Structure formats: structure tokens, C-alpha cells
Amino acid sequence: MQEAYLNGLNEKQLEAVLHIKGPLMIIAGAGSGKTKVLTTRVAHLMHSGVDSFNILALTFTNKAAAEMKERVEKALGNTDARNLYIGTFHSVFARILRAEADKLGYPKSFTIYDTDDSRSVIKAVVNDMGLDDKLYKPNIVHNRISSAKNALVGPTEYAMDTFLKQEDARSNRPAIAEIYASYAARCFKNGAMDFDDLLFKMHELLQNFPEVLHKYQHKFKYILIDEYQDTNPVQYQIAKLLAAVHENLCVVGDDAQSIYSFRGATIENILQFQKDYDDVKLVKLEQNYRSSQSIIGVANYVIKNNVGQIPKELWTENETGDKIKLVRTMTDNDEGKFVADAIQENKLRNHFYNKDFAILYRTNAQSRSFEESLRRTGIAYKIYGGLSFYQRKEVKDYIAYLRIIVNTKDEEGLKRIINYPARGIGKTTMEKCLVIAGEQNITFFEVLEKAKVFGFKAGTLTAIEEFVTMIKYFQNQLTKHNAYDVAVQVGKHTNLVKELFNDKSTEGLARYENIQELLNSIKEWTESPSNDDGELGDKSLGSYLQQITLITDADNDNENEDTVKLMTVHAAKGLEFACVFLVGLEESLFPSGMSVNTREELEEERRLFYVAVTRAKKHLWLTYANTRYRYGQLVQNDPSRFIDEMPEEQIDKSSSGGGAKNQSSGWGSAYDRMQGGSNKSWIDPEKNTRTKTEGSKPSYLPVVAPHTLNKNHIPSANFTPCDPSALEAGVKIEHQKFGFGVIKEIEGSAHNPIAIILFDKNGEKKIMLNYAKLSIVP
DNA sequence: CGACGGACCTTTTTT
DNA sequence: AGGTCCGTCG
């Protein structure tokens with residue numbers, strides 16, 4: 001006799017669900033019902049007598065957590081699921097750290113710094129240390145520190161690590177260790193943790209406080225980790241510590257979908273898992289329930305190019321479905337038009353809704369042309385990623401007030417609002433305060449509190465005192481009123497709301513609305529009976545602030561909203577759509593130009609491609625453009641190598657690119673390329689309009705495999721890229737890919753010279769000298 | 001002290 | 001292209 005919730009599971013899925021005791025690793029291919037297995041397993045645990053308070057499930061997005069909770073509830077038919085500890089690594093650990101903050105010397109309501117805050121602190125540190133901020137760019141330094149934390153390397157270990165030291169010396173940034181130490185000290189002084197600290201400090205907590213470790217080890221008797229392939233060493237170590245007593249650790253992942261190595265994730269964790277525990281139960285889920293056979297076929301075929309992976313093959317009983325459609329357009333704008341038109345057409349013909357479509361790209365910057373074309377076509381869309389609501393300036397400023405009320409040590413927050421709205425505490429005063437704070441080793445706010453002692457001008461002093469009084473007034477309110485009421489008070493007393501209200505420009509209106517939305521969200525949170533803090537029931541402003549920093553755009557997804565979804569491939573992980581447009585499939589874009597230098601990097605790009613392809617249920621379009629604007633400059637890229645890697649017979653190349661009816665897809669040039677003749681035409685707009693198809697017949701032209709023409713050239717041993725300024729007409733050159741040729745002419749502007757080169761084997765090409773590497777042939 | 005305008009730099013991907 | 005930072009002007 002089986003329980004009802006077990007119905008509908010296949011043999012493998014059932015095996016995974018029924019395994020209760022001991023370590024379990026589930027390798028779950030894309031669309032293999034992973035979430036179903038996870039949620040059913042949780043339901044089964046509870047049904048088997050496990051107390052819901054003893055289950056911890058860690059996911060990577062709040063959305064995944066919410067979905068899991070909801071589905072467990074459904075499977076159980078009661079509300080016990082409310083007691084489950086389900087959340088992202090970051091939010092669960094933030095909650096625990098909040099409860100245990102005093103042990104680490106942090107205030108309970110420590111501030112969580114987002115990436116912008118972190119960078120801003122780093123910038124200040126670099127400046128204070130008198131280092132060159134051109135060399136020590138905030139995001140480079142931040143990445144470095146972030147990687148260290150994710151690898152469990154603290155400032156002290158960093159300074160002692162010879163390998164890291166060598167790396168920094170090689171990149172001419174020997175002071176990173178020092179910056180790291182200073183940054184960490186500054187964050188601590190500010191009573192703040194950055195994203196990585198939420199993991200790093202959590203580990204520290206468990207490592208250094210045996211009684212705390214003991215407490216959580218016994219609380220979390222059953223632990224599940226989703227998207228296991230994307231965990232990094234800290235996350236792994238924390239999980240290992242927590243699971244050490246009961247060893248009921250269940251991890252679910254797919255090595256083929258590991259796409260977060262830049263965040264320190266390592267596939268090693270999958271291999272290590274089997275080494276760390278004696279009898280690991282391993283279950284592979286290989287049947288895909290999501291996609292058509294065509295889609296699965298292509299995904300499998302491409303991923304085979306990766307050397308390192310756990311052997312498995314995804315299969316499906318779904319119908320064969322349409323072939324994958326490959327479309328080439330002239331420009332990025334044409335790409336946008338094509339996609340908008342195709343969506344329009346498919347909505348009519350196949351009765352799809354907007355929400356059945358997703359446009360996936362490699363980088364956020366690519367969204368622009370699609371936004372434009374969708375808007376023009378009148379198709380509702382929503383962009384995910386980019387600036388999150390809480391990162392908008394006006395929202396962040398407002399929140400900065402709330403941050404200061406809760407944690408006056410937060411220097412970053414204080415800097416934002418000390419003179420916003422303007423109250424006569426300018427840059428000079430602020431810098432003076434910061435210097436004093438440094439000298440006296442007190443916080444910025446303490447300097448303000450004791451301003452009298454430090455000899456400010458009378459006017460300035462009054463302004464400071466009024467500011468301090470105001471903040472203290474708010475703090476006082478905090479004990480009497482809820483988070484929402486305090487937030488409203490802040491808006492009133494600071495004139496923030498009024499100021500925005502008076503700004504009647506379009507942007508001003510939007511800002512005002514954003515603040516209203518913020519206030520609404522605080523209200524909603526304050527009044528909701530149960531929230532993410534579940535058992536703690538903590539409705540304080542401090543608790544609110546800690547969770548909003550961890551909310552991302554994707555979490556605000558509204559299932560009922562009928563909009564086309566635009567997002568990066570990374571953001572699309574875990575999602576599925578009936579129709580997917582995977583766009584911008586060009587070399588240096590996808591795969592990213594930054595990730596083609598090592599086999600490992602390239603394989604990750606390929607996994608990313610795999611993730612993108614497997615999001616599609618029924619229809620998949622792959623598009624690329626001949627030319628596009630990047631950093632305001634027109635560039636031309638070869639089609640992505642991933643296109644070459646696909647099985648030709650499964651690809652439908654007949655779709656017309658171009659977008660608008662009177663647009664050419666530029667196939668005339670494809671003909672040229674097949675002839676091995678001139679290539680100049682394919683970026684020549686004049687020629688394009690002439691080579692367009694006659695009448696209403698769709699342009700039906702084959703796509704040329706991009707590398708067949710030029711992949712054979714092997715650069716000479718003495719190939720040394722030369723300075724572009726040394727080039728002029730008549731010079732013989734060698735190109736890394738196109739081989740030998742002669743410069744016919746140099747055109748373009750001085751800062752963006754373009755050489756027209758006649759290649760021996762590849763015809764005439766326009767080469768942008770800022771990008772291409774050419775070697776002069778003597 | 002703040003508003004404007006011109007250099008300058010950017011870009012992978014995210015909690 | 002679009003945002004940020006710094007210099008100049010009122």
C-alpha cells in the first residue's frame with residue numbers, strides 16, 4: 001500500500017523519495033522532476049514521523065524555497081510545512097546569525113551589505129590606504145575577497161598564502177591581502193556582513209562555538225540541499241558540520257548544469273560527497289518530462305563536447321516536436337524585431353500566451369533591443385535581473401535611514417543620508433567626521449553625537465545636532481511602533497516623501513511610486529501573520545531589513561502575469577517555458593569572450609548553453625546577429641561555436657531573420673561566404689537591401705557553418721600582435737584566424753580604425769583594429 | 001555648496 | 001550607449 005502522494009513517481013524517483021536514513025545523492029538531469037522528488041521526499045519524511053522542525057532544506061533562490069514549501073504543504077494536506085526550515089543558504093544563515101550574533105561580536109540587527117555597499121567600502125579602504133584606485137578597482141578587489149571567503153580563506157590565511165600572494169604580485173596588486181584585512185575590519189566596525197560573510201561567518205560560528213554547533217546539529221536532523229552542483233566550499237563545509245551527527249544529508253544536483261564557478265562553486269563537491277561518507281546512496285534521474293525529443297537530442301549532443309562529466313544520458317518519452325530553429329539576422333535590432341514578430345505570430349497560430357515565451361541571453365546588457373521591439377509590437381514583457389527594486393537609488397536612500405535607526409554603526413548607510421535631503425552637512429564636514437572617527441576609533445555616528453567636542457562651525461553643529469536628535473527620535477519610536485509606522489514617520493520627518501511628491505517629472509513620479517511601493521511592502525510584511533521568520537515571529541525593522549537585502553528580482557515573479565520573460569540564462573535556471581528564444585549566439589558573447597581561455601571556462605559556457613536549451617518545452621529558437629552595438633561601438637562576431645556543435649539534421653535553418661517585413665536577413669552574403677568570395681557585403685547595409693528576397697517570399701537560405709571557412713589557419717610560431725598604429729595600406733599581415741592577407745585600406749575614425757584586408761584564403765574582410773590581433777609579415 | 005557638462009570607463013554570469 | 005566621476009560655473 002502506497003500513500004497517495006507517492007503516486008505518479010517513476011521507479012528512480014520513488015527510490016530517492018523512500019530513502020530516509022543516511023547520505024543520499026541524487027543526480028537529476030534537467031526536467032527530470034527534481035523538485036517533485038525533493039518535495040515528495042520532505043512530505044514522506046514528515047509522514048514517516050520526522051518532526052517538521054527537524055528538517056532543513058537549502059536552495060539557491062527564495063523562489064525555489066517558496067515553491068518547495070507550497071508543494072510540500074499540498075502533498076501533506078496540512079500546514080505542518082510551515083515549521084520547515086526552508087530557504088536560501090543566505091537567508092537561513094542570516095536568520096541563524098541574527099540569533100547568535102552576540103557570539104561573534106556583532107549587533108543582533110547587523111546590516112547586510114549588498115554588492116554596491118561592499119564595493120563602496122572597498123573604495124574607501126583603497127583610498128584611505130593611499131593606493132591607486134585605477135589598479136585596485138573595487139570590483140576586482142571585491143571578487144578577489146569574495147573568492148577568498150568562499151574558499152574559507154580569511155584575511156590572516158590570505159596574507160600567509162604564498163600562492164595567492166604570487167597571484168596578486170603577478171597582477172601587480174600586492175596589497176590585496178592588506179585591503180582584505182582592512183575591509184573585514186571595517187565591516188565589523190560597521191556592524192555589517194556582506195553576502196559572503198553570511199556563509200563565512202556561519203562557518204566560523206559553527207567551527208568556534210561547539211555548543212552552537214551541537215544545538216543546530218540536533219535541530220537539523222534531516223538536511224536537503226538543492227542545486228548541489230552550485231555549492232562552494234564554505235557551503236559544503238557548513239553542511240558537513242551540520243550533518244556530522246545524523247548524516248541524513250540529501251543532495252540533489254546535476255553536474256551538467258553547474259554554472260556558478262565564478263562564485264566559487266565547485267563540481268568537486270559532488271565527487272567529494274562520495275568520499276566523505278561511507279555508504280552514499282546514489283540515484284540518477286535521467287528521464288526528462290519537460291522537453292520534446294528534438295530539444296533533448298540537441299542538448300545531449302552539444303554537452304557531449306565536455307570532457308569532464310558524470311556519465312548519464314537524458315531521455316524522454318515526449319513527442320519529437322519541431323526542429324530547433326536557427327535564425328540569423330543582420331543586426332541586434334533585427335534580432336529584436338525577429339523575436340517580437342515570431343512571438344506575435346506564434347501567439348496567433350499556436351494559441352500561446354505571452355507568459356509561454358522567454359527570451360534568454362548571456363548578458364543583461366542584451367535586453368535593450370528586445371525591450372524596444374516588444375514595446376513597439378505591443379507585447380507585455382518583464383525583465384528579470386538588472387537592478388533589483390531595493391537597489392534603486394531612492395529606495396536605497398530611504399532604506400539607509402531605516403538601516404541607521406536599527407544599526408547606527410552602519411557607516412555606509414550614514415554616508416548616504418547624512419546630507420540627503422540637503423541639510424547643510426556637506427562633503428567637508430563628512431570627511432572631517434570620518435577622519436575624527438578614525439583617529440578616535442569611534443563610529444561615524446558617535447562623532448556626530450559628540451560633535452560639540454570636535455569644534456564644528458555653529459551652523460554645522462546645529463545641523464548635526466538636529467540630525468542626531470531626529471535619528472534618536474526614530475529609534476525611540478521603534479520600541480513603541482511597528483516597522484511600517486516608523487518607516488512612515490521617517491518619510492514625514494525627513495521630507496523625503498514630500499520632496500519626491502513635488503517632483504513632477506516622469507522620473508520623479510516613478511521615484512515617488514517606488515517609495516510608495518516600498519512602504520506598502522513594509523506594511524504587508526509587518527501585517528502578514530507568518531513570514532519567512534516563521535518560528536521566531538520577529539516583526540522588527542531589523543528583521544525586515546535583513547531579509548530584503550537578500551530578495552532578488554526573480555523572487556517577485558508573478559505566475560499569473562501574462563508577460564514575456566526576459567532574463568539571463570543564469571537567472572533562468574530551474575525555470576521552464578513552452579517557447580524559448582536563446583539569443584545572441586555569437587562568439588565572444590556566448591561563449592563569453594572572458595571565458596574562452598581555458599577548457600574549464602569553455603565547458604562552463606557549454607553547460608550554460610545546455611541549461612538554456614533545456615528550459616524549452618516545445619519550441620526553441622536560436623538567434624544570432626551579424627553585427628551589434630557593444631559599448632557604443634559596432635562590432636561583428638562570428639556565430640557561436642556552439643552552433644557548429646549541434647547536429648545539423650535536427651536544425652531548421654529556414655526561418656527568416658531580419659524582423660520587419662522590409663528587412664533583409666542578409667543572406668546574400670551567406671552565398672558570398674559559401675563561394676569563399678568577398679565578405680565585405682555582409683556589413684554593408686546598401687548591399688543588404690539589394691540582396692533581400694523578392695516579393696513576399698520568405699528568405700530561405702541555409703546557414704553556413706561559421707568556422708568551416710577559416711578554422712584551419714594555424715598562427716605561425718612567431719606570431720606577435722603588433723601595434724595597430726603601425727599598420728597602413730599595402731602592409732602584409734597575418735590574422736590569427738583568417739591567415740595571411742594584405743591591407744587594402746584603413747578607414748574608420750582614429751580611435752576606431754578599421755582595416756579592409758584581402759585575405760589569401762578568406763576573401764576581403766573588415767577588421768576592427770581595436771579588437772583583432774594582427775602580426776606584420778616581413 | 002549644488003547644478004551642469006564633459007571626459008571616461010564599462011561588462012559576464014548572482015546571493 | 002549609458003552611467004559615473006570630476007571639474008567648472010553660478
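All heavy atoms count here, side chains included; hydrogens, waters and symmetry mates do not. Keep in mind that this is a model prediction, so the values were computed, not measured. Letters A, B, ... are given to chains in the order of the sequence lines, protein chains preceding strands, and every chain is numbered from 1.
Residues meeting the side chain to side chain contact (heavy atoms under 4.5 Å, CB included) test with A:Ile140, sequence neighbours left out: A:Lys137, A:Arg173. Partners of A:Phe188 according to the ring pair (Phe, Tyr, Trp, His ring centres under 6.0 Å) rule, which considers only residues two or more places apart in sequence or in another chain, are A:Tyr106. Applying the salt bridge (charged side-chain N to carboxylate O under 4.0 Å, His left out) test to A:Glu576 and every residue at least two apart in sequence or in another chain returns A:Arg290, A:Lys617.
Between A:Asn364 and the phosphate of B:dT12, there is no side-chain N or O to OP1/OP2 separation shorter than 4.0 Å. Residue A:Thr428 has a polar side-chain atom (N or O) positioned under 4.0 Å from OP1 or OP2 of B:dC1.
Of the candidate nucleotides B:dT13, C:dG2, B:dG2, B:dG2 has the atom nearest to the side chain of A:Ala422.
Within the nucleic acid shown, A:Thr549 has no heavy atom closer than 4.0 Å to any nucleic acid atom. Across all strands, A:Asn150 comes closer than 4.0 Å to no nucleic acid atom at all (heavy-atom distances). Across all strands, A:Phe262 comes closer than 4.0 Å to base atoms (heavy-atom distances). Contact annotation for A:Phe60: backbone-only contact, meaning every heavy-atom pair under 4.0 Å involves sugar-phosphate atoms and none involves a base. At a threshold of 4.0 angstrom between heavy atoms, the contacts of A:Phe89 with the nucleic acid are absent.
For residues 415-424 of chain A, the pairs satisfying side chain to side chain donor-acceptor pair (under 3.5 Å) are A:Asp397-A:Arg416, A:Tyr401-A:Arg423, A:Glu412-A:Lys415, with sequence neighbours left out.
Between the OH atom of A:Tyr384 and the P atom of B:dT13 there is a distance of 18 Å, rounded to whole Å. The interatomic distance linking A:Gln633 (CD) with B:dT11 (P) rounds to 16 Å, in whole Å.
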The contact string for nucleotides 4-10 of chain C, one letter per nucleotide 5' to 3', using protein heavy atoms under 4.0 Å with B, S and - for base, sugar-phosphate only and none, comes out as -S-----
Protein-nucleotides 8-10 of chain B N/O pairs closer than 3.5 Å?
residue	atom	partner	partner atom	Å
B:dT10	OP1	A:Lys137	NZ	2.2

